[in-house]
Structures are given as structure tokens and as C-alpha cells.
Enquirer: 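This is the structure I have questions about; it appears just below.
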Protein chains: 2
Amino acid sequence: MYRTHTCGELRKSDIGKEVTLAGWLQTIRKFGSINFVDLRDRYGITQLLLGEELNKQLDENPLGREFVLQVKGIVTERSNKNANLPTGDIEIKVTSFSILNKSATPPFTIQDDTDGGDDVRMKYRYLDLRRNAVKKNLELRYTVNRAARNYLHENNFMDLETPFLIKSTPEGARDFVVPSRMNAGQFYALPQSPQTFKQLLMVSGYDRYFQIVKCFRDEDLRADRQPEFTQIDCEMSFVEQEDILNMFEGMIKYIFKQVKGIDYTEKVERMSWEDAMWHYGNDKPDIRFGMKICNLKFPSHTFPHQQNISSLINDVNFKVFDDAETVVAIAVPASSEMTRKEIDALTEWVKRPQIGMKGLVYIKYNIDGTLKSSVDKFYHEDKLKKIAEATNANPGDLILILAGAEERTRKAISELRLETGKNKGFRKDDEFKLLWVLDFPLFEYAEDENRWVARHHPFTAPKPDHIEVMINNDPTIADAAEYLKHPYAGIKANAYDMVLNGNEIGGGSIRIFQRGLQEKMFDALGMTKEEALHKFGFLLGAFEYGAPPHGGIAFGFDRLCSILGGSESIRDFIAFPKNNSGRDVMLDAPGTIDEKQLNELSIKLDVQKN
Amino acid sequence: MYRTHTCGELRKSDIGKEVTLAGWLQTIRKFGSINFVDLRDRYGITQLLLGEELNKQLDENPLGREFVLQVKGIVTERSNKNANLPTGDIEIKVTSFSILNKSATPPFTIQDDTDGGDDVRMKYRYLDLRRNAVKKNLELRYTVNRAARNYLHENNFMDLETPFLIKSTPEGARDFVVPSRMNAGQFYALPQSPQTFKQLLMVSGYDRYFQIVKCFRDEDLRADRQPEFTQIDCEMSFVEQEDILNMFEGMIKYIFKQVKGIDYTEKVERMSWEDAMWHYGNDKPDIRFGMKICNLKFPSHTFPHQQNISSLINDVNFKVFDDAETVVAIAVPASSEMTRKEIDALTEWVKRPQIGMKGLVYIKYNIDGTLKSSVDKFYHEDKLKKIAEATNANPGDLILILAGAEERTRKAISELRLETGKNKGFRKDDEFKLLWVLDFPLFEYAEDENRWVARHHPFTAPKPDHIEVMINNDPTIADAAEYLKHPYAGIKANAYDMVLNGNEIGGGSIRIFQRGLQEKMFDALGMTKEEALHKFGFLLGAFEYGAPPHGGIAFGFDRLCSILGGSESIRDFIAFPKNNSGRDVMLDAPGTIDEKQLNELSIKLDVQKN
């Protein structure tokens, strides 16, 4: 061993000991004829004192930043203690040192606030990983990994490895494929998730399965997506939805405790998908704060059970509202004194193409109880007051109203709620609020193909009392315009998402475990019998031989870590991430392969020039 | 939850409890008007008693093997206890049952000694996995996984995930590649191991890394190889070989304890590669038994430090020995009374093409001290006795002698030693014997290209006192016939293999960490500067910025599990293995992909018809 101790462990109680340390030179400072070096390793920083007697050696072998040193010396008390450093009470009076390896000057500083831009840090990722800011993230990732494993182990789950070279069954996202040399003209696919395998394991009787496993999706990358990502993948047999919810809110609470020291003792809130859409405008609401949506007007087929209050805004000839499919409002607390300029900025914000609104209507509910709005021309103060009351506003609040087509407008008010909530400081970094969103629709309508697609995936079971609706109805959509009236539109799934601070961190469902129902599902998705057998024959076969009731969940491990670490970007929590073009700029991958290898794989390049 | 208890947990102390169980019907037996069912789940088997009152329901809903049942009932004492079953003291007096799912008749019996052949069991792997024999293997695998993680965690190792979509750097085995859609004409490779990444992590300062990780090699599959396999992959910084050996024999001993309950307290034996070849004829000797090789004749350049004792067999005009490059013998204990027929069978065994010998010479060292051999014509009894003594034979032993070309003959005697050792019962299933093999040659000679290849991999460091030999000599081999005289032939590596009962279970090395030496290594392997930079520029770059001394090891997880489980086949320890053509017969993968997907990937099929 090149060392007796790490750079993070020596304390006052070690004074007098002869020690050997090894690590990286963080800084060197000359102080008269003495040199002070901060020596760094994974565990911390220890100050070295190099006395005059070493100057000759230093002159012959000058040290520099990031040199790898081995030093021997005596632990001594520091005259000038550093309370910010766990080792700050001591320093090493160096008796001898050797340079284990030199370093060129790094292209950026190895510090929390580095001077390196994103590109150069990604190219030299092995240096970026030295920075404490990145190291903390990877340590957190390992702690989450370890906590999840321990919890699942204690609960009788088994880590069972599923294969990576599987069969391509395009349904949903695009597969990465791997040409098979030994089976010319054929391809493996890399798994988008171990979904069918974990279900087979349930059929095999391994009633509690987990895996922390890489998954692959060849999608066009959005800012914070990676072509390969990690899931905490779990499945259980002989369970109902309630059992899964309890088991996995337990897991996340255990992780909170292990990773953040937080006792999350309250029951995790639950909300139906419909309530989430109605009150928050999206299916992963951030419930750290209120500001629920007031639905002043909405298409009745979308929320058939909700009461219409459009009389509050009707009959004043305000064309913007009259023509709109949907009119929705939020009340921003203690914001009635927002300036014209600030409101203009918000108006510009909702008009950006990402939000896509035509404008913003506001009502100031002043502290003195008076009301002032951008639509005073159309609405008397008593009308404004009624609208304000409908939004649950108090004097001092500012009501913001959006109008337009249902889907876009609901999405826009949701974004506006999050944006204003953030600006008001309601989305606190150190507050963690979990939520189960339940009762998702089983199907989504695919307009371009006029057919149903699985909202979660084709293995999700309908709610028990919706199974009959599914079996007894033809999935064909006769009239595309009226698809919402098709019985399938109302079928809800036994599916659930776990939401943390407005981010989906996990999702799953109770699965279909009967061959007949699974076949009906494939049929509902427009698959022919032959297609279903070709793609999923092994699963339909397995369901013939005593498949137990089962269900599961998968957590996005990268995302979970990034939220727990207080970051927006999952890349900060991946040791070697890819950029937005799916490239690893450090490796310079992907790259070309030679003709011989292409021949062996029985493929040719066919690159189209544009 | 569909159950209050599992099928493995009810005991005498539970008598009187009302319980709900769920599981699979293993057997049903009619006994007068009563039915007994064995209900099975992952945890065990519980006997159910279905009384007369349930017969009407049973008639309407006949039960069958592998049906999934849920039963409610009362735990009662069994009159006829079954001591072989943990639940054998009790049975469930069933009050009601329901069929959760039916089962078709399985294609083979779900029992330890199943009637299913290999092919049908692989096709219905989800049923094969139900068998206790397979379940035990996967449970053992998880226990090994868990034990390795716990040991490494306690020793400050961090699980750090490395990428799967990397760069193809063909060197050694063939890469599986993945066409990149977003980078037309380019390919990712799947990692053969995370080798360079774990070294980069050392450069980054994460001084103790591990991962239990899938690796991929596109090789022609031998009987017990899989295209995807799992490694326990580890790396440490600021260590010398001794530190690694200690750390990882500690890990294997910890696994022995956790998995087998074995206290492996003795120090793991160590042997140089040269001694292993000299005494056992291969680099992974099974040291559970002796029968060391006696080298009667050998080419002196292969073992330059060993004494020649060929005078024992020379000068009798026995052409077989005179013409042979190598003559080697073993003494099989207590076998002098082997019959002519048995010896003929052994002779046929060594003449099989896999062994490739022309014949077998034997000497019977009889109990009474007389000697009788198949070469009595050439050797007087006193000569035979000298040979026998050189093999360390005792009266009653049988000496077997092989002669031929060095490499083949040494391999053959090694195989013969293992075969006869097995027949004599020296290779006990319940005995575990670890061995470190050290001091491997750094280079191997590649005859077809007349150049050096790395025996381990190009990142392995030479022994410290061999570095100068490597740096100061030109790798070019002027005379192919004399390659063994090249200074590089004698360079030993700081590499080590861990051997268990004659199987290599792990291997690793101290790594090169200096850019200059790494460049010299690439040069020695015949890589041009440009090639080295193109393939490994990122690693050479990393070595510029303060790379610490480091080394590591990787254990073949599948193999380790199969040996601990007492099986010859790693397939038995993999949930979903592939067959020898790399196919998953359950999934029917690999498979074809459609034209659209090929277009998106900018490739065309180019299948050659034979």
C-alpha cells in the first residue's frame, strides 16, 4: 500500500504519528522558506508542511497542480487551525516525498466553481470527475443504490439479471439493435426495459424481483435524456395495487432517510389522474404549493363529472373567452401589487412558442378588496369578484387567466403555475413532497393512425371493473372526431406514477396475467393475431401455464438521484454521460468500424447524402 | 395481498390460525372422499386438506398441475408428519379456495429430476425456472452478489456505473456493435469489460471502484460460453500487487462463508505461472490433489532454470522418447492393479483428437516392489525404478507417461492428471481450494503475424524490474524461429489469476499508469502511434494529468457461481441463457428487423449465400 492513511482521516488524536499519505496536489503556497501543500484524495484534504530542508529536492523536482505525491511525515498540530476542514486541526511535517506521477496543467481548475465550460469538461470528464461537486453526486448515487438494495433485500426481493441481447419488438420507442454475426441478417435488440422478463420471472414463481439495470432507447434526445439510462426495476406477485403502493413508498422513504436524513413519516398523498389534470393541468403535479387551477370553462366531454361554472365569464361579449374551448385561472398569492412591467414580462413568457398562448388576462384583487383587471371593459367589479372567489383568491392576490384550445391551454396554465410558484419561492429545494398519481387512462388515442395506443405499455391491466368494458367492445373507432365517446376512452388502468416535487420518478402497473385479456389488448392496439404471436408469443405462452396475479414499478434512477441531489440535470449524476447527439465526446464514440467487421456482420453501410 | 403467509413459513406454533395462501398446485391426491394438495411457492410447499364439503366445487372446477390457487383455511396438526418438509408438521384445513389462473399441462414435470430435455426446457425456460434445482442456483447467485457487494462496501469500494454504448477498439476478442441512427455510418460497441473506464475512474481519484456488470464478446461460442456474461469488476489506486491479492482473497473467503458456511482460514496458496506449467501442465492447476508432473524431458529454452533428467530415459534406443520434444509422467496412486482393459481405455482416451497423443506408456510399480511396464523391451527394471522414483511414485502406484511436442504433450498430461484424479475421487465436490497464479509472461507470441500480443491486455504493467527490459529493447522479432530468445519473451507481468479447483475464477493486474510506458506497450503490440491515439487517445490523455498507481481484478461471476453451486455449466446459473449459436430459443432471438429500421440506421443487409 502506498499510504498508511487517507487524506481525510487524520485528527488531533493522531498527533505524533508517523504516517504516509498519497494523493493529488491541490495547491502549493510558498511562505518564506517553507512550502504548504494541500494534498487531496477521495476522502478529503490534508495540509502538508515542507520545510526548508526539502527545498533542494523541490528545486530539482518542481511540483505542480494535480501531481500525484507520496509523502512521509509526522502528524503535528496546526498553529493556524482551519475549522472548515475535518483535518483542519493538524498538518503533516513532511520528512520525505516522492512524485508518483506528474501532471500537465489541467485545462480547467479542479474546483467547485471551475473555470471550465461544459464542452471542455465533458472532453476531459476524467478531470471533471475529480471536482468535489461531481464526486458528491456520484457518492449520492451510490448511497441511493445501496439504500434501495438494502430495503429490497430486507423485503425478500431478489436481484435477478435479465438479458441484454434480446428480441426487437418495436412498440413505443425505437430499439437499439445489434447485428448478429452468427445469425446473418438477424439482429438482437437492447432492452428498453426488462418488462417481459420480469413478468416471466413472476410466472416462474420468483415473487419479488428487482434489478438496478441499464435500459436503452434510441430516441431523439431532449435536453435531459440519455440513450442509456438506469432503472430500479421491480416486480411482485400475488399483490394488488395497494400492496405495491405501500411497498414502494416505503422504499422511497427509506432512501430519504439514508440519503438525506429525512424522516418522511406522513402517508404519501394520492390523486387520481383526472384530479391532477383538473387541478394542476398535468399528470405530475408539484404539490409543494397550492395555486390550484380554477376551470372557468372546459369541454364537457373531457371532464364529464365536473361542474361547469362558465356562467361566471359568459354573456359579456368578451370574444377571447367566448371563442375559447378552455378558460383557466390561477391565483398567485400576495402578488396584486405586481407592476405593469412585471405583468408584461409574464405575458411575453406565455406567448413564447414553448407555451404558445395568445395573451394573458389578469385580475388584481387588491388588499383593500377592490378589483382591477385587464378586462375591466367587459367585466364589472362584482363579476371580477365572483371570478376571484372561484379561484380561491384572497385580497392581495393576483389572478392570471389563460384561454384557448383545451390541451395547449391546460398545459400552459400548468407551466404558468410552476413558473410563478418558483418565482414566489414556493418550490423549495430542501422540501420533498411525494405524490401517487393513480387511475390513468388505459388507452391514448393516436390521431395519425386512428387507433388506440397503450398509455403505459401493452401489459398494463385495466381496473377490475373496466375489464368487461374492454372485452365486450370492439376497439374500432368508427368516427375519429368522436373518439372520446368510444367506451375505450373511459377505461382506466391499474397504473400508478410516483411524483416527487413535480417530477415523475417512478411508474408502474398491475399487469394482465390472463392470455385471453392479453390477446384482447394486442387486438385493441391494432396488432393482428400473427403479429402478436410473432412478437410476444413467449409471453402469451407463459400465461398458459399458471401465471400469478402480479404488478410492478420502475424508478428512473438517474432522475431520482438528480432530484435528491438538488440538480436539474441527470448528466451531473452519471459518471460518463453522452451529449445531446448521443456522442461520448471523451471517447469520440460512436465511430467507424472497418470493412472486415461489416462483412462478418453481413451488413453494408447505406449512408444517404443530403 | 393475496396471502397472509407464504407456503414455506407455517409451523406447529401457527396451529389454529386462519390463513390465506397462494401458490401453484404441485400435486393433488385423492384419499377416499378427501383431497390432498401440495401448494408450492418460492418459499416452500404446504399441504392442503380439501374435505368432502368442497367436492362439489372441485367437480365443477377440476384442479390440475401448476394451477394458481388461493386458499383460505385453518392451520391444523398433521397426523402423518413429514420430517423432510419444514412445514411438515402442519396442514391447512381448507375452508374455501379459488382458482386464480389455470394451467395447461406443462411440457415437462416441474421436479428436480424432470423428464424434460435440454431443448424443451430452454424453450419453456419460464417453467424450467420453477424447478427447485434451478431456483437454488439463482438464489445462490443472488447470495454471492449480495456477499460481494457487502464485502466491497465495507472496504470502501463504490459501485460506479460505466457506459454500455462505447467505442469499438478491436484488440483481442470481437466487439458486438450497435449502429448509431443519429450518427449515420457510425457504430457504438458494447463493452468487453469496463477496463479503460475503471482506469479513468482511478485517474479521477475514486480509489476503490466496483461493479457487477454485464460484458459482451462476439466470439464463436464454446460449450460453456455466453455472448453476454457478468463480471465482478474491481479496481484500486495506490496499491501494489500484494494489496490486491490480500483484498480479494478476503472477498472470496467472505463469499465462501456467506454462501457455503465455510471458514476458509488458511492463507491462499501462491504459485508462479512457470511452476504451474512445470508441475501441473497448465496455468490453472487443481491443487486439491497432488500427482505433480515429472518432467523427464523438455526443451531447455522453455524452462531455462530447470534441471534436465532425461538421462533416465535416454540411451535405450526407445525411438518414441528419443524423438519426442517432451516426455512427461504422472504417478496415479494405488492404481498398479489397473487391468489391461482399463489401461487400454486410458490409451484410447489420450488418443482422442481433443487430446491428440499417439499413445500412452505405463509402468506398474507393484505393491511387492517389482515393476512391469509397456516398455519392458527397452527398460530394465532398475531403470524403471529410477523413473518411478523421479515421479515420486510409491509401490502400488501406476506411472503414466506421455511423449510428443512440448505444448500438446504438456496439455495432454495435464488433462490426463485431471481425468485420472477425477476417477480416483481426488476432485471432491465439497472441497474448495484456492490458488493465486502469479508472474505470467507479459507477452505472447502471435505466430501468424510474427509479433507480440498482450497475454492479459495492453494495460498490464511489467514487473517493476522488467520495465527497463521493455523500454530498452526493440520489440521487432528478427528471427521468428528464435522468438523465445527475444528479451520480451522473458518479461513477466504484474498479473495474477485466482484459481478455484482448477478453474480460473478471476484475473487482473497492476496497470501501466505512465503515458510513456503505455505508448511503448502499444508500440510493442505493433500499433502505430496514430492507431494508438485513435483508439486509446483518451486514456493516454488521462495519463498526462496525474494518474495514480493502480491495479484491479475481475471475477467471472457466472463461473464463480457455478463452481460454488457444484455444477459444470454456467448456463444453469443464468436466468435466461443463450444456446451455443447465441440464440435465445425462448424469445426466438435474434430476429429480423424491417426495412424502415435498416434505413433509419443507414445500413443494408449483405447476406452471402453459400
Side-chain angles (χ1 to χ4, degrees), chain A residues 1-3 22 24 42 66 68 101 103-104 106 126 129-130 142 145 158-160 163-168 176 178 180-188 200 203-205 207 214 218 228 238 243 538 542 544-548 575-576 581-582 586-587 589-591 593 602-607, chain B residues 1-3 22 24 42 66 68 101 103-104 106 126 129-130 142 145 158-160 163-168 176 178 180-188 200 203-205 207 214 218 228 238 243 538 542 544-548 575-576 581-582 586-587 589-591 593 602-607:
Chain A
M1 204 73 92
Y2 281 80
R3 60 190 175 193
W24 285 263
R42 176 181 146 202
E66 300 306 316
V68 188
N101 214 345
S103 173
Y126 46 84
L129 288 171
R130 281 188 193 166
Y142 177 49
N145 179 325
M158 262 174 90
D159 183 344
L160 290 161
F164 278 72
L165 297 173
I166 64 165
K167 182 170 170 167
S168 187
F176 279 106
V178 181
S180 165
R181 181 177 54 88
M182 294 212 277
N183 303 273
Q186 300 195 334
F187 294 77
Y188 300 100
L200 291 178
V203 174
S204 302
D207 60 353
K214 273 281 171 75
D218 186 11
E228 51 177 309
F238 301 118
D243 305 309
F538 61 97
E544 294 264 306
Y545 295 100
F576 299 101
S581 325
M586 179 188 72
L587 296 182
I593 61 175
S602 305
I603 56 174
K604 269 200 284 211
L605 293 189
D606 181 31
V607 181
Chain B
M1 204 72 90
Y2 280 81
R3 60 188 174 194
W24 286 263
R42 176 180 145 202
E66 301 304 317
V68 189
N101 214 344
S103 173
Y126 45 84
L129 288 172
R130 281 189 194 165
Y142 176 48
N145 179 325
M158 265 174 88
D159 182 346
L160 290 160
F164 277 71
L165 298 173
I166 66 166
K167 181 170 171 169
S168 186
F176 279 107
V178 181
S180 166
R181 181 179 53 88
M182 294 212 276
N183 303 272
Q186 300 195 336
F187 292 78
Y188 300 100
L200 291 177
V203 174
S204 301
D207 61 354
K214 274 281 172 77
D218 186 9
E228 51 177 309
F238 300 120
D243 305 309
F538 61 96
E544 294 263 304
Y545 295 101
F576 299 101
S581 326
M586 179 188 72
L587 296 181
I593 60 174
S602 306
I603 56 175
K604 269 202 282 212
L605 294 188
D606 182 29
V607 181

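Numbered from 1 within each chain, the chains take letters A, B, ... in sequence-line order. The shown structure was predicted, so the numbers you read here are calculated from the model rather than taken from an experiment.
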Enquirer: Can you tell me how far CG of B/Asp207 sits from OH of A/Tyr2, rounded to the nearest 0.5 angstrom?
Expert: 14.0 Å
Enquirer: What is the minimum heavy-atom distance between B/Tyr188 and A/Phe176, and which atoms define it?
Expert: CE1-CE2, 4.1 Å
Enquirer: Measuring heavy-atom distances to chain A, does B/Asn145 have an atom under 4.5 Å in its side chain, in its backbone, in both, or in neither?
Expert: side chain
Enquirer: With respect to chain B, which residue among A/Glu544, A/Lys604, A/Met586 yields the maximal number of heavy-atom pairs within a distance under 4.5 Å?
Expert: A/Lys604
Enquirer: Which one wins on heavy-atom pair count under 4.5 Å against chain A: B/Glu66, B/Lys214, B/Arg3, B/Arg181?
Expert: B/Arg181
Enquirer: Could you pull out the closest heavy-atom pair between B/Tyr545 and A/Pro106, with the gap in Å?
Expert: CE2-CA, 3.8 Å
Enquirer: For A/Asp218, is it the side chain, the backbone, both, or neither that has a heavy atom closer than 4.5 Å to a heavy atom of chain B?
Expert: both
Enquirer: Do any N or O atoms from the side chain of A/Arg130 and from the backbone of B/Val203 form a donor-acceptor pair under 3.5 angstrom?
Expert: yes
Enquirer: Under 4.5 Å from any heavy atom of chain A, what part of B/Leu200 do you find: side chain, backbone, both or neither?
Expert: both
Enquirer: Counting only heavy atoms closer than 4.5 Å, note whether A/Met158 contacts chain B via side chain, backbone, both or neither.
Expert: both
Enquirer: Of all the heavy-atom pairs spanning A/Glu228 and B/Leu165, show the shortest one and how long it is.
Expert: OE2-N, 2.9 Å
Enquirer: Quick one: closest heavy-atom pair of A/Met182 and B/Gly582, and the distance?
Expert: CE-N, 4.0 Å
Enquirer: Which one of B/Ser581, B/Ala184, B/Pro163 has the most heavy-atom pairs closer than 4.5 Å to chain A?
Expert: B/Pro163
Enquirer: Between the side chain of A/Asn101 and the main-chain N/O of B/Ala547, is any donor-acceptor distance below 3.5 Å?
Expert: yes
Enquirer: Shorter than 4.5 Å, heavy atoms on both sides: which option in A/Ala575, A/Ser180, A/Ala542 has the most such pairs with chain B?
Expert: A/Ala542
Enquirer: Is there a donor-acceptor pair closer than 3.5 Å between any side-chain N or O of A/Trp24 and the backbone N or O of B/Gly205?
Expert: no
Enquirer: Which atom names give the shortest non-hydrogen contact between B/Asn183 and A/Pro590, and what distance separates them?
Expert: ND2-CG, 3.6 Å
Enquirer: Between B/Phe238 and A/Met1, what is the shortest heavy-atom contact and its length?
Expert: O-SD, 3.6 Å
Enquirer: Counting only non-hydrogen atoms closer than 4.5 Å, does B/Asp243 touch chain A with its backbone (N, CA, C, O), its side chain (CB onward), both, or neither?
Expert: side chain
Enquirer: Within this structure, what is the CD-CG distance for the pair A/Gln186 and B/Leu605, rounded to the nearest 0.5 Å?
Expert: 10.0 Å
Enquirer: Between B/Ile166, B/Leu160, B/Val178, which shows the greatest number of heavy-atom pairs under 4.5 Å with chain A?
Expert: B/Val178
Enquirer: In terms of heavy-atom pairs under 4.5 Å with chain B, which of A/Ala22, A/Gly185, A/Ala589, A/Gly546 leads?
Expert: A/Gly546
